[in-house]
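Right, one structure below, let's go through it.
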Protein chains: 2
Amino acid sequence: MARPRTFDEDSALDAAMRTFWEKGYEATSTQDLCDATGLGRSSIYNTFKSKHDLFERALARYVDSMTTAQLAVLEDARRSPVDRLRALFAMVVDGETGAERRPGGRGPGCLTVNTTVELVARDPRAAEMLDRDTRRRLTVLRAVIGEGQRDGSITSRREAGALARFVNAAIAGMRVSSQGGADRAALESLADIAMDALTA
Amino acid sequence: MARPRTFDEDSALDAAMRTFWEKGYEATSTQDLCDATGLGRSSIYNTFKSKHDLFERALARYVDSMTTAQLAVLEDARRSPVDRLRALFAMVVDGETGAERRPGGRGPGCLTVNTTVELVARDPRAAEMLDRDTRRRLTVLRAVIGEGQRDGSITSRREAGALARFVNAAIAGMRVSSQGGADRAALESLADIAMDALTA
DNA sequence: TTGATTATGGATAGGTCGGTACAAAACTTG
DNA sequence: CAAGTTTTGTACCGACCTATCCATAATCAA
């Protein structure tokens, strides 16, 4: 019916996502996005309504793929609850130290934490997206932890919900530490100690 | 000898600090800084070399006062090591939930974490300042934890240095959680569980 | 081939950015 | 009071910001 696109929208979203992740929302200019995606301004503004719309879609793509990958680990019925939590932490450590940088395994820092810190106070849409994502993760974390509490491998001194929030916060702490310069061994140590709190 | 200033430099730094803390470095314009400080552009550029210089000085003021207040708690010889760590966490919780927002007890989020996430990858000077501050805190944390290990109140399963980094990361995790919407009870719960890891 | 429709590139608009120039104002010292 | 020095307010600079406009290119249905 008309002239077709010469680019893949998802690839463009990935490129934009990487840029927002590296520089942050404010520090990323539309020119940066053109450079990163290889698209002209017209194509970007024709495909996405605005810089902010592009950011929202990139963020949505990021949190969904990231959380989906994490939940797959947490829902792996072949492993014990404690094993699954260890695997989750290992995934975060790999993501923070890994050379390859694909959705679900990003380089230092993560777009979720970055956006929480940079934008959540001023951007209700981003805040809502991140809030939904957090609730999604907490639900599954709580279930895994509850399972571990029932089989005795995870402490029952604390509520499952509280422990789930702790795991979430521990991961955020690891990500901030990573940006602050912590190496792989340091991150693994943080994960080990966080696990101590769960199994104590 | 000449016309004197009609403003207090430290008050201006405080106002600037608050603005950078609320909006982030990139999102803060020089006009915002004029509005916040009540100063004209000339006065700002006459007193500080540039926006970045003003930011550096505001950040230096923030981290120093914040860390000094925290170290005072950690070095209070009248309390036991565990008590001092609990007091540190309580201080962080108060800072994140407190109504009054003065250096050493900021509102949600903290400039240290915010700057780590937003700037450290691109701003070597800020990175260096934060790194020094982290080392300063870790040194004292390690000493307190080592003391607790010797008297048996803190676990010896992990190295004091590793536990110190954990406490630091736990605080960062609490601050990110706070920006993500965690209330006081949730933050206190995070602190309690972090303490479990130390006393296990 | 033609007409309709969409994508693309380049130019540009209107505004804001960080930073500066300059003259008037306000103070200290002699 | 006068000379000297610094602060302050205003106007302004070029660069860059997000976003749009428009002419041209490319494609599909008929």
Side-chain angles (χ1 to χ4, degrees), chain A residues 1-60 111 114-115 118-119 122-126, chain B residues 1-60 111 114-115 118-119 122-126:
Chain A
M1 179 110 154
R3 180 174 175 178
R5 298 221 158 113
T6 60
F7 66 92
D8 176 47
E9 195 167 309
D10 284 341
S11 307
L13 274 177
D14 277 344
M17 183 185 80
R18 242 183 293 268
T19 309
F20 283 126
W21 158 67
E22 282 168 14
K23 312 184 63 162
Y25 177 76
E26 298 287 353
T28 296
S29 69
T30 54
Q31 187 57 49
D32 291 332
L33 294 167
C34 292
D35 296 346
T37 59
L39 304 181
R41 309 179 88 65
S42 299
S43 298
I44 287 187
Y45 277 93
N46 187 38
T47 309
F48 311 99
K49 284 187 305 219
S50 63
K51 174 186 171 184
H52 192 268
D53 179 63
L54 172 52
F55 174 75
E56 279 182 33
R57 293 184 51 183
L59 178 61
L111 192 54
N114 294 3
T115 303
E118 186 187 357
L119 284 184
R122 287 174 296 132
D123 184 338
R125 320 247 333 222
Chain B
M1 179 111 155
R3 179 174 176 177
R5 296 221 161 115
T6 58
F7 66 93
D8 175 47
E9 193 166 312
D10 285 341
S11 307
L13 273 178
D14 277 343
M17 184 184 79
R18 241 182 295 268
T19 308
F20 284 128
W21 157 68
E22 282 168 12
K23 311 184 62 162
Y25 177 76
E26 298 286 353
T28 297
S29 69
T30 53
Q31 187 57 50
D32 291 333
L33 294 168
C34 292
D35 296 345
T37 58
L39 304 182
R41 310 178 83 65
S42 297
S43 298
I44 286 188
Y45 278 92
N46 186 40
T47 310
F48 311 99
K49 285 189 303 223
S50 63
K51 173 186 172 184
H52 192 269
D53 179 62
L54 173 51
F55 174 75
E56 279 182 33
R57 293 185 50 183
L59 178 61
L111 193 55
N114 295 3
T115 303
E118 185 187 358
L119 284 184
R122 288 174 295 133
D123 184 337
R125 319 250 327 227

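Just so we're on the same page: letters track the sequence lines, and every chain starts at 1.
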(Q) Do Ile44(A) and Leu54(A) have side chains that approach each other closer than 4.5 Å (heavy atoms only, starting at C-beta)? (A) yes
Q. Is a donor-acceptor pair below 3.5 Å formed from side chain Ser42(B) to base dA23(C), judging by atom type as modelled?
A. no
**Q.** Nucleotide dC17(D), atom P - distance to NE2 of His52(A) in whole Å
**A.** 18 Å
(Q) Regarding Thr47(B), tell me which of base, sugar-phosphate or nothing describes its non-hydrogen contacts under 4.0 Å with the strands shown. (A) nothing
Q | Nucleotide of dG19(C), dA19(D), dT5(D) approaching Ser50(B) most closely (side-chain heavy atoms) | A | dG19(C)
Q. Side chain of Thr6(A): nearest nucleotide among dT5(C), dT8(C), dA11(D)?
A. dT8(C)
Q. In terms of side-chain heavy atoms of Arg41(A), which of dT8(C), dT18(D), dG19(C) is nearest?
A. dT18(D)
Q.
From CD of Glu26(B) over to C1' of dC17(D), roughly how many Å is that when rounded to an integer?
A. 13 Å
Q: Please say whether more than 12 non-hydrogen atoms of neighbouring residues, nucleotides or ligands are located less than 6.0 Å from CZ in Arg125(A).
A: no
(Q) On the nucleotide dT20(C), are OP1 or OP2 found under 4.0 Å from the side-chain N or O atoms that Tyr45(B) carries? (A) no
Q.
Would you say that Glu26(A) contacts Tyr25(B) through its side chain, given a criterion of any heavy-atom pair below 4.5 Å between the two side chains?
A. no
Q. How long is the line joining CG of Leu39(B) and C1' of dT10(D), in whole Å?
A. 16 Å
Q. So what does Phe48(B) touch, heavy atoms closer than 4.0 Å: a base, only the sugar-phosphate, or nothing?
A. nothing
(Q) What's Ser29(B) touching, base or sugar-phosphate or nothing? Going by heavy atoms closer than 4.0 Å. (A) sugar-phosphate
Q: Find the distance Leu33(B):CG to dG19(C):P and express it as a whole number of Å.
A: 10 Å
**Q.** No-hydrogen, no-angle side-chain donor-acceptor test under 3.5 Å, Asp32(B) and Ser29(B)
**A.** yes
Q) Does dG18(C) have OP1 or OP2 sitting under 4.0 Å from an N or O in the side chain of Thr30(B)? A) yes
Q. Rounded to the Å, how far apart are Leu54(A) CG and dA19(D) P?
A. 10 Å
Q.
Measure CD/Gln31(A) against P/dC17(C) and give the value in whole Å, please.
A. 20 Å
Q | Parallel, tilted or perpendicular: rings of Phe20(A) and Phe55(A) (30°, 60°) | A | perpendicular
**Q.** Tyr25(B) or Gly40(A), whichever maps to the more 5' nucleotide of DNA chain C
**A.** Gly40(A)
Q | side-chain N/O Arg5(B) vs dT7(D) OP1/OP2, d < 4.0 Å | A | yes
Q | Separation of dT8(C) P from Ile44(A) CD1 (nearest whole Å) | A | 11 Å
Q) Of all the nucleotides listed (dT8(C), dT8(D), dC27(C)), which has the minimum atom distance to the side chain of Pro4(B)? A) dC27(C)
Q: Could you tell me whether Ser43(B) contacts a base, only the sugar-phosphate backbone, or nothing, with contacts defined as non-hydrogen atoms closer than 4.0 Å?
A: sugar-phosphate
Q. When the distance from CZ of Arg3(A) to C1' of dA23(D) is rounded to whole Å, what number comes out?
A. 12 Å
